[in-house]
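Working notes, structure below.
What you see below is based on every heavy atom in this structure, not just the backbone, and it leaves out hydrogens, waters and symmetry mates.
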Amino acid sequence: MTPDSHQPSKVPVEVEGHRLVLSNLDKVLYPDAGFTKGQILDYYTRIAPLLLPHLAGRPLTRKRYPNGVDGAFFFEKNVPRGLPEWIRTARLPSPGSTKDRDEIDFVVVDELATLVYVANLASLELHTPMWKVGPKGAAKPPDMLVIDLDPGPPATIVECCRVAELVREESDREWYPKTSGSKGMQLYARMTGRRSTGSSESTSDEIRKLAEQLERKHPDLVVSRMTKTLRPGKVFIDWSQNNPAKTTISVYSLRARPHPTVSTPISWDEVAACTKAEQLVFEAPDVLERTSSKGDLFAPVLG
């Protein structure tokens, strides 16, 4: 889908039997990198075999940048206008909605055509919760846990890696690390066995207790409280991301940074070896190259 210099403003395409009209493929959405909307669509199309299983069944929140990463943006939960009837949606309660809605109709990305559709709307970032919806659209219990590691400058992802190793030592769960694509990282665990039907409240409480335990043992490195004045030079373990109303950046999603960085799965060997933040910065072309040889390092999270 990479455009040429004479790319028309609208291009009709067929994706898995669905007709779509792609627009403004030559529009630069990452000015510092010269990365165009056509290249964004190309990335999402090529990474789709790995990305789609992680999006499937999860109501999607999109962060849209119609005029690029330097322009205005907005979060979009509700279905956009003119949504094709073949795209799957799920109507879910929306407590505390900023638009006073009792319910919101979410897009659920289960197939390539839907992914291309939302990407064409300049949905650079894809955010999902730790739970899925069932065949009839009802919310299921959480099937994943997440620990969001947020470094307070001058701390970087290097310090996040040290905290990730501490989490791995202290917890009896199997954790899988990924970069956030921004400044921090996340650890994911699959809900399994007797703990596979835990509530969002119980999972948040589990991670909160772990965060407090690590803060007591490593007060110079870890903070478990949200107070921003406590964070400089430390890593905040954000346990609240397991709240059912919250979402986290999806694995393989682009980020709205100066360059098209990606939330990228990494190995524990890479975590241990990280001594400079640049070692764990991956842009869209890097991720396509990595996955061609490494496959999906995040596949175990799917079960």
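- Taking a cutoff of 4.0 Å between a charged side-chain nitrogen and a carboxylate oxygen, Arg46 and Asp42 qualify as a salt bridge.
- Between the side chain of Asn78 and the backbone N or O of Asp105 there is at least one donor-acceptor pair closer than 3.5 Å.
- Salt-bridge check for Lys209 with Glu212: failed, with every basic side-chain N at 4.0 Å or more from each acidic carboxylate O.
- Distance alone, capped at 3.5 Å, places no donor-acceptor pair between the Ser253 side chain and the Ile249 backbone.
- To the nearest 0.5 Å, the span separating OH on Tyr65 from NZ on Lys37 amounts to 16.0 Å.
- Defined by atom type and a distance below 3.5 Å, a donor-acceptor pair is missing between the side-chain atoms of Glu289 and Ser293.
- Ser23 and Lys10 form no side-chain donor-acceptor contact under 3.5 Å, judged by distance and modelled atom types alone.
- Without hydrogens or angle criteria, Thr261 side chain to Glu283 main chain gives no donor-acceptor distance under 3.5 Å.
- Within the 4.5 Å cutoff, side-chain heavy atoms of Phe282 are placed close to those of Thr179.
- For the side-chain contact (heavy atoms from CB on, under 4.5 Å) test with Lys77, the passing option among Leu60, Ile104, Val107 is Ile104; the others fail.
- Closest approach of Met226 and Phe236 over heavy atoms only: CG-CZ, 3.4 Å.
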Task: Criterion side-chain contact (heavy atoms from CB on, under 4.5 Å) on Glu215 and Arg225, from CA distance to verdict - done: CA-CA 9 Å; Glu215 183 179 32; Arg225 289 159 287 174; 2.8 Å; yes
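- Taking each heavy atom of Ser171 and Leu210 in turn, the nearest pair found is CB-CD2, 4.2 Å.
- Not less than 6.0 angstrom separates the ring centroid of His18 from the ring centroid of Tyr117.
- Panel note: side chain Gln241, backbone Thr247; a donor-acceptor pair is recorded below 3.5 Å.
- Using modelled atom types, one side-chain atom of Ser123 and one backbone atom of Val118 make a donor-acceptor pair closer than 3.5 Å.
- A salt bridge does not link Lys234 to Glu159: none of the charged nitrogens lies less than 4.0 Å from a carboxylate oxygen.
- Ile47 places a side-chain heavy atom less than 4.5 Å from the side chain of Val287.
- Asp143 CG to Trp131 CH2: the interatomic distance, rounded to the nearest 0.5 Å, is 11.0 Å.
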- [ ] Check step by step if side-chain contact (heavy atoms from CB on, under 4.5 Å) holds for Arg290 and Leu297.
- [x] CA-CA 10 Å; Arg290 277 173 64 87; Leu297 295 179; 3.9 Å; yes
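- With Phe73 as the aromatic partner, Lys63 meets the cation-pi criteria of under 6.0 angstrom to the ring centre and within 45 degrees of the ring axis.
- Nearest heavy atom pair, residue Tyr44 against residue Leu124, reads OH-O, 2.6 Å.
- Among all heavy-atom pairs drawn from Arg88 and Asp110, the shortest one is NH1-OD2, 2.8 Å.
- Across all non-hydrogen atoms, the minimal contact from Phe298 to Pro265 is CD1-CB, 3.9 Å.
- Note on Asp150 versus Lys228: no salt bridge recorded, every NZ/NE/NH1/NH2 to OD/OE distance being 4.0 Å or above.
- Geometrically, Arg64 does not engage Phe74 in a cation-pi contact, judged by NZ or CZ lying under 6.0 Å from the ring centre and within 45° of the ring axis.
- Inter-residue side-chain proximity for His127 and Ser250 is flagged as unmet; no heavy-atom pair is nearer than 4.5 Å.
- Using a 4.5 Å heavy-atom cutoff, the side chains of Pro80 and Leu121 are in contact.
- Both Leu83 and Leu20 are members of a single hydrophobic cluster when ILVMFWY side chains are connected at heavy-atom separations under 4.5 Å.
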- [ ] Begin with the C-alpha distance, continue with both residues' side-chain angles, and end with the deciding distance and a verdict on side chain to side chain donor-acceptor pair (under 3.5 Å) for Ser267 and Asp269.
- [x] CA-CA 5 Å; Ser267 69; Asp269 286 343; 5.0 Å; no
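- Side-chain atoms of Trp239 do not come within 3.5 Å of backbone N or O of Asp205 as any donor-acceptor pair.
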Open item on the list: Does Leu41 form a side-chain contact (heavy atoms from CB on, under 4.5 Å) with Leu22? I'd like the steps, not just the answer.
Closed with: CA-CA 9 Å; Leu41 283 160; Leu22 308 182; 4.2 Å; yes
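- A single hydrophobic cluster is seen to contain both Val79 and Leu115, as judged by linkage of ILVMFWY side chains at heavy-atom distances under 4.5 Å, directly or through other members.
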Open item on the list: Let's go through Arg173 and Met191 carefully: what are the C-alpha distance in whole Å and the side-chain angles of both, what is the deciding distance for side-chain contact (heavy atoms from CB on, under 4.5 Å) to 0.1 Å, and is it a yes or a no?
Closed with: CA-CA 9 Å; Arg173 291 186 182 272; Met191 301 288 284; 4.0 Å; yes
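- Following chains of ILVMFWY side-chain contacts shorter than 4.5 Å, one cannot reach Leu302 starting from Val109, and the two form parts of different hydrophobic clusters.
- Leu112 and Leu126 end up in the same hydrophobic cluster when Ile, Leu, Val, Met, Phe, Trp and Tyr side chains are linked at under 4.5 Å.
- Between Asp32 and Arg257 there is no salt bridge, since no side-chain nitrogen of the basic residue lies less than 4.0 Å from a carboxylate oxygen of the acidic one.
- Of the residues listed (Thr264, Asp296, Thr291), the one engaging Tyr252 in a side-chain hydrogen bond (donor to acceptor under 3.5 Å, both in side chains) is Asp296, and it is the only one.
- Of the possible donor and acceptor atoms, none in the side chain of Asp238 sits under 3.5 Å from a partner among the backbone N and O of Ile147.
- Under the 3.5 Å distance criterion, the side-chain polar atoms of Arg58 are left unmatched by any main-chain donor or acceptor of Val108.
- Between the side chain of Arg19 and the backbone N or O of Pro12, no donor-acceptor pair lies under 3.5 Å.
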Open item on the list: Lys27 vs Thr36, test: side chain to side chain donor-acceptor pair (under 3.5 Å). Steps then yes/no.
Closed with: CA-CA 5 Å; Lys27 187 173 185 177; Thr36 67; over 6 Å; no
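- In this structure the side chain of Val235 never reaches within 4.5 angstrom of the side chain of Val223, judged on heavy atoms.
- Closest approach of Trp268 to Pro177, counting heavy atoms only: NE1-CD, 3.7 Å.
- Judged by distance alone, with hydrogens and angles left aside, the side-chain atoms of Asn243 form no donor-acceptor pair with the main-chain N or O of Ser204 at under 3.5 Å.
- Comment: Arg255 engages Glu125 in a salt bridge, judged by a side-chain N to carboxylate O separation of less than 4.0 angstrom.
- Taking the side chain as every heavy atom from C-beta outward, Pro59 and Val133 approach each other to under 4.5 Å.
- Between Thr248 and Thr128 there is no side-chain heavy-atom pair separated by less than 4.5 Å.
- Rounding to the nearest 0.5 Å gives a distance of 10.5 Å between OG of Ser263 and CG of Leu51.
- Taking the side chain as every heavy atom from C-beta outward, Gln186 and Leu149 never approach each other to under 4.5 Å.
- Criterion: ILVMFWY side-chain heavy atoms under 4.5 Å apart, direct or through other members. Under it, Leu280 and Leu221 are part of a common hydrophobic cluster.
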